[in-house]
Amino acid sequence: MDLTYSYFPGCTLKTKAKDLDIYTRETAAALGVTLVEIDNWQCCGGVYPLGSDEVGNKLASVRALNDAKEHGRDLVTVCSGCFHVLKCVNDDMKNVPDIRDRANRYSQFDEPYQGETKVLHYLELLRDAVGFDTIRKKAEHPLTGHRIGAYYGCLLLRPSGILEFDDPEDPSVIEDFLEAVGATPVKYQMRNECCGGYRSLEEPEFTNRLVGKIFADAKTSGCEELVTACPLCFYNLQKYNGPDKLPVRYISEVLAQALGIEAGKGVR
Amino acid sequence: MSVTEKMTSPEAVLERENLAYLGDAKGKSEGEWTPKIVAFCCNWCSYAGADLAGNNRASYPAEIKIIRVPCSGRVNPLFILRAFQKGADGVILCGCHPGDCHYMTGNYYTRRRMALLFSMLDYLGVEKGRTRVEWVSASEGAKFAATMNEFAEKIRSLGRNVRLEDIRCRN
Amino acid sequence: MTIEEANIREEVLLICGCDVTRCMKCGKCSASCPAYDEFDIKPHQFASYIARGDMYELMQSKTIWNCLGCFACVERCPRDVRPGKLIDGVRQAAVRRRGGTHLQPEDIPSRIDPDTPQQLLMSVLRRERK
Amino acid sequence: MQRIGVFVCHCGSNIAATVDVAAVAEAAKSQPGVVFATDYTYMCSENGQNLIADSIKEYGLTAVVVCSCSPRMHEATFRKVADKAGLNPYMVEIANIREQCSWVHKDTEIGTPKAISLMKTAVAKVNLNTPLQEGESKVTKRALIIGGGIAGIQTALDIADAGYKVDIVEKTPSIGGRMSQLDKTFPTLDCSSCILTPKMTEVAQHENITLYTYSEVESVSGYVGDFTVEIRRKARYVHEDICTGCGLCMTKCPSKKAKNEFNRGLNTRTAIYTPFAQAIPNVPVIDTEACIHFRTGKCGICAKNCAVQAIDYEQKDEIITEKYGAIVVATGFDLIDLKPFGEYAYNLSPDVVSSLELERILNAAGPTSGHLQRMSDHRQPKEMVFIQCVGSRCEDDRRGKPYCSKICCMYTAKQAMLIKDHYPDVNIHVFYIDVRTPGKAFDEFYRRAVEDYGVDYIKGQVGKVTPQADGTLLVHGVDMLDQKVVEINADMVVLAAAVEPNPDIRKLATMLTLSIDNNNFLNEAHPKLRPVEAATAGVFMSGVVQGPRDIPETVAQAGAAAIKVVGLLAKDKLKTNPCVAQSDELYCNGCSVCQNVCPYGAISYTEKEVRDHGVRDTRRIAQVNPALCKGCGACSVACPSGAMNLKGFSNRQIMAEVDTVLCQ
């Protein structure tokens, strides 16, 4: 099976979340997956532009999607934000004729882009193409005894009708992943609640309160550590300074540890 | 000259025949032309679906005229040929969903029979878009109206049907 | 409802593509909202406000700036009204009319720290200015 | 040439608002064969019917066209009118100018010409109509009830009491249905089993009733008055006729870990079991998946302990075939799957239960012997939250249903009061969207919960239920009336899950050619006027299979279905549809194509002497049995020589319709 994918890192992964990027590439390589970074990709915009009359904001995503199509590959991203935006825009290109026509008129691709590319989150790739069983076999340094909670946040799950990532109210992909790397996944109810997102710029107190509730629930449910796939969630969780704070890591870092990829190789 | 004489005068017939063969009918008389569409509906599902569209006041164009048949399998290909001969611009046949036929198997026959008939008609120049089979259940009033709107729109875009039409029947 | 408000309403409904008449006032959106207490006009009220055309009030509300865009209400709305999209529609209408931002660019440098991810800044920019 | 009368109905303003009815009547007058045409406000009213009858006599009409609502609505009415006036009922045709004209077009400019065109089409058809005679078929004086819940039980009793034989087919090992799982019933709070079990016993002892429990309908053929049904009697591995119901096998069974379906999985049962103590018949069933003997070939303790040797591990499924005149579908409902409602923590906490699970918890014969307690730690809850409309009124078809489940408001008030009666210190909060209590003494009942019992009703749905470290459940919602967040640390959360028809109905609907709506509820022949009859003649419905309803309504409907069945079984002969196929012996070449396409086996062949152009000849000729033919017309299209035709929808009639509809 050819495990070559187009890869959309996203801007945060090039700067503040280099760990997420580097661990993703290294773990992918270790699992026999080739991630080919798209040439000259541009920022997806961070939030999906909801306005059905705004096409300009969606063009960066369309360009990335079309690039993957031209290479005949699925498009993989590991950042929750990018995943959300790319997949929502792709849905527009597939199902909303007005947006599709306008975006294509503007972009002037060789042939019109009609949502052909399949957008995958790295976790989906691990689950469906690599297989959690393979990871279980290759995890030579399993995280045995680690009680880890998955923090999904919003952008990975909602709106579920479009993202089709997992059950939006009772997700389990990350738990299955954690189980594969040998850890003990702990389900807690607040794992799909919002961390406050971009409001932390203006109202850090407010986001702190939300994050506090999440940590409290995670801790009382027995988590010793949280993992996430979203740099913004990671930032908000990290900034929390209340009593229930738990260590937070990216999913790919956990995977790297299990595969024995040397920690610290990534540039901090 | 009476109207009948006018219609049947050699000149008039010739002119209309020319029009028909040149396929020019679409362009010239577009202003006043409204398509003629026959919808055969099975009594149990689609006719009830059409009634439901009425109950829900879901409108569709008046040029759709429904003929009730007990089952879509009752529709003889000859009826459809006759419709085109008599100047129909489109014919749609509606029946119960496969598996739901009130008579168990009628719509399976319809499905196979019409596939053959429609490709023969296509070969004869009656485009595929002018003929259609659609499954509409008794609960799908909205689907019935939507299908009819879509079909009428399609027929309008295809213009007047001049193939197979016996212009002596035109009035 | 003034003519201008009617126009804004038209625009908002176009932007979000939602049908406010489907709302059955169940309150699931408000109950799911993590920022409920930060709102002056609550998520479940948006459908009624828009139906009535009280667009000025909506555009001046704190809600449109405090919404997190977390999609919890969109996900859980049993009637497919998707209040989050309504709020975003009003916010965009407001942004387009003022032509500026809620947070001014000069407000931002003092608020960031060395770890602030680009994603955050992009989100703020995208959401709060045209 | 016929003498045709055309009658145009206004239907109040339903037709008249968008169709110039007078113009339609006027246009009719110039149609070939039409000798009389008029319009009237309500053609289906007594005056309207008299108008038609009188006109038939006065003008010597030989055919009638009524331009009115759908033939599905009043064709039968107008045919009866013709019959009374001495005209063959099949000389009546309907032009549907309401559902397919006035209701779908907006103004008279469009409506009137279309109505005229539809009228002309009907006139053209009726010109070619011929009088048809109804045939007769026999009636098997036995009814089949599918489903042994309260709906099926009541229907069976009413039919049996009227003196007819009734068989009940029930899928589970016992009759009783959902009602047997309930603790008390609203609005009287009488004990559910106290009123149900006497009826169950009556069923078991009734001389006219035969019970087939642990059985399913395998196939159905035939038609009204003469259905043939195959019933699969699943192997119980216990002989019903030998077993004494002593129950020793169940006490001795070592396999005790099977999920107890009757208690909604809240506890376990043995592998050989009856669903509940008052089960009828009181004969156990072996669950082969749990039984040690069936899994390993060992054990056999039940057989060893059975004093009468009723246990037979070799028993096989048995198919029995029986004839029925009428069938009643009463397959009932289940609750929807609550797993997709993760925000209520149903998957995460055993203390979040469905309303039916709570019913079992409150029941003295339930998993907690009737003590209100949490399933996690068996503690008695102090704070309870009820969440209404879980999956009801929900447009998201991935997890909910668009309809109101109707019973939840009332049973929630009931459960709240029952709990308050026994445990006055429990605080109860109900999150609701609307409280819907239409029904006799229903609103008073709900108000009693609020006023006398102090149940706290909060308007608004719950957003999230989060299990806490102390074992409580944090219920986060909003009071929409005072716009405040409400957070309650509940010990137990009860979800009023939407009801949905038993999924088996899809299979049954196919067997019985019934129509079902988008939510799998059965469609009635007419929602107002024929509410218990299916569109398929001879099939009736009872209970929630048709739509959400409570026990009193179900029982009332069961009675209605029963009287319809009795009305049918009381007849010795039934009139058959005369619109059947007919072969023209001069054209038939005996090729058997029609016989092959006929789904009813109505066509057979016979050697017959015919006279063709003066030549005598013996030929093989198709013959249609009018009692079996349902009039689908498949044979008429398949016939290569044009010998087959369908009465009432003949080739010439349909051709005439095609010609006229295109001629305007």
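Here is the naming used below: chain letters follow the sequence lines, and residue numbers restart at 1 for every chain. Bear in mind the structure is a predicted one, so any value in this text is a computation, not a measurement.
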Legend entry - Sidechain N-carboxylate O distance under 4.0 Å for C:E75, D:R398: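 A salt bridge is present here (some side-chain N lies under 4.0 Å from a carboxylate O).
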Inset, instruction - Only counting residues at least two apart or in another chain, list the ones meeting side-chain contact (heavy atoms from CB on, under 4.5 Å) with D:Q181. - result: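 Listed in chain order: D:R178, D:F262, D:R264, D:L356, D:R360.
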Legend entry - Min side-chain heavy-atom separation C:D37-D:V485 under 4.5 Å: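 Heavy-atom side-chain distance check passes, below 4.5 Å.
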Legend entry - Inter-residue atom distance C:Q45.CD - D:M480.CE, 0.5 Å rounding: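 Result: 8.0 Å between the selected atoms.
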Inset, instruction - State the SG-NE2 distance between C:C33 and D:H476, to the nearest 0.5 angstrom. - result: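 The NE2 atom of D:H476 is 8.0 Å from SG of C:C33, to the nearest 0.5 Å.
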Legend entry - D:L481, CG atom: more than 12 neighbouring heavy atoms under 6.0 Å: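 Result for CG/D:L481: enclosed.
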Legend entry - Over 12 foreign heavy atoms within 6.0 Å of CZ, D:R379: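 Yes, the 6.0 Å shell around CZ holds more than 12 heavy atoms from other groups.
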Legend entry - Residues of residues 6-26 of chain C near chain D, each having a heavy atom less than 4.5 Å away: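 Within residues 6-26 of chain C, near chain D: C:R22, C:M24, C:K25, C:C26.
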Legend entry - Greatest number of heavy atom pairs closer than 4.5 Å to chain C - which of D:V462, D:I433, D:V486, D:D479: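 Most heavy-atom pairs within the cutoff with chain C belong to D:I433.
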Inset, instruction - Report the option among D:R399, D:Q461, D:Q388 that has the most heavy-atom pairs separated by less than 4.5 Å from atoms of chain C. - result: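 Heavy-atom pairs under 4.5 Å are most numerous for D:Q461.
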Inset, instruction - Return the option, out of C:A72, C:C77, C:A31, C:G27, with the maximum number of heavy-atom pairs under 4.5 Å with chain D. - result: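 With the most close heavy-atom pairs to chain D, the winner is C:A31.
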Legend entry - Donor-acceptor contact below 3.5 Å, side chain C:R76 vs main chain D:E343: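 Pair absent, no side-chain N/O of C:R76 close to backbone of D:E343.
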Inset, instruction - For D:K414, enumerate each residue passing the side chain to side chain donor-acceptor pair (under 3.5 Å) test, keeping only those at least two apart in sequence or located in another chain. - result: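 Scan of D:K414 (side chain to side chain donor-acceptor pair (under 3.5 Å), adjacent residues dropped) gives D:E359.
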Inset, instruction - Could you list the residues that satisfy side chain to side chain donor-acceptor pair (under 3.5 Å) with D:E451, not counting sequence neighbours? - result: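 D:R447.
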Legend entry - Which atoms of D:R393 approach chain C - backbone, side chain, both or neither, heavy atom under 4.5 Å: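 Both backbone and side chain.
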Legend entry - chain C contact via D:K484 - which portion, at a heavy-atom distance below 4.5 Å: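 Looking at D:K484, just its backbone touches chain C.
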Legend entry - Intermediate values then yes/no, side chain to side chain donor-acceptor pair (under 3.5 Å), C:H44 and D:Q483: CA-CA 10 Å; C:H44 68 263; D:Q483 312 272 25; 3.3 Å; yes
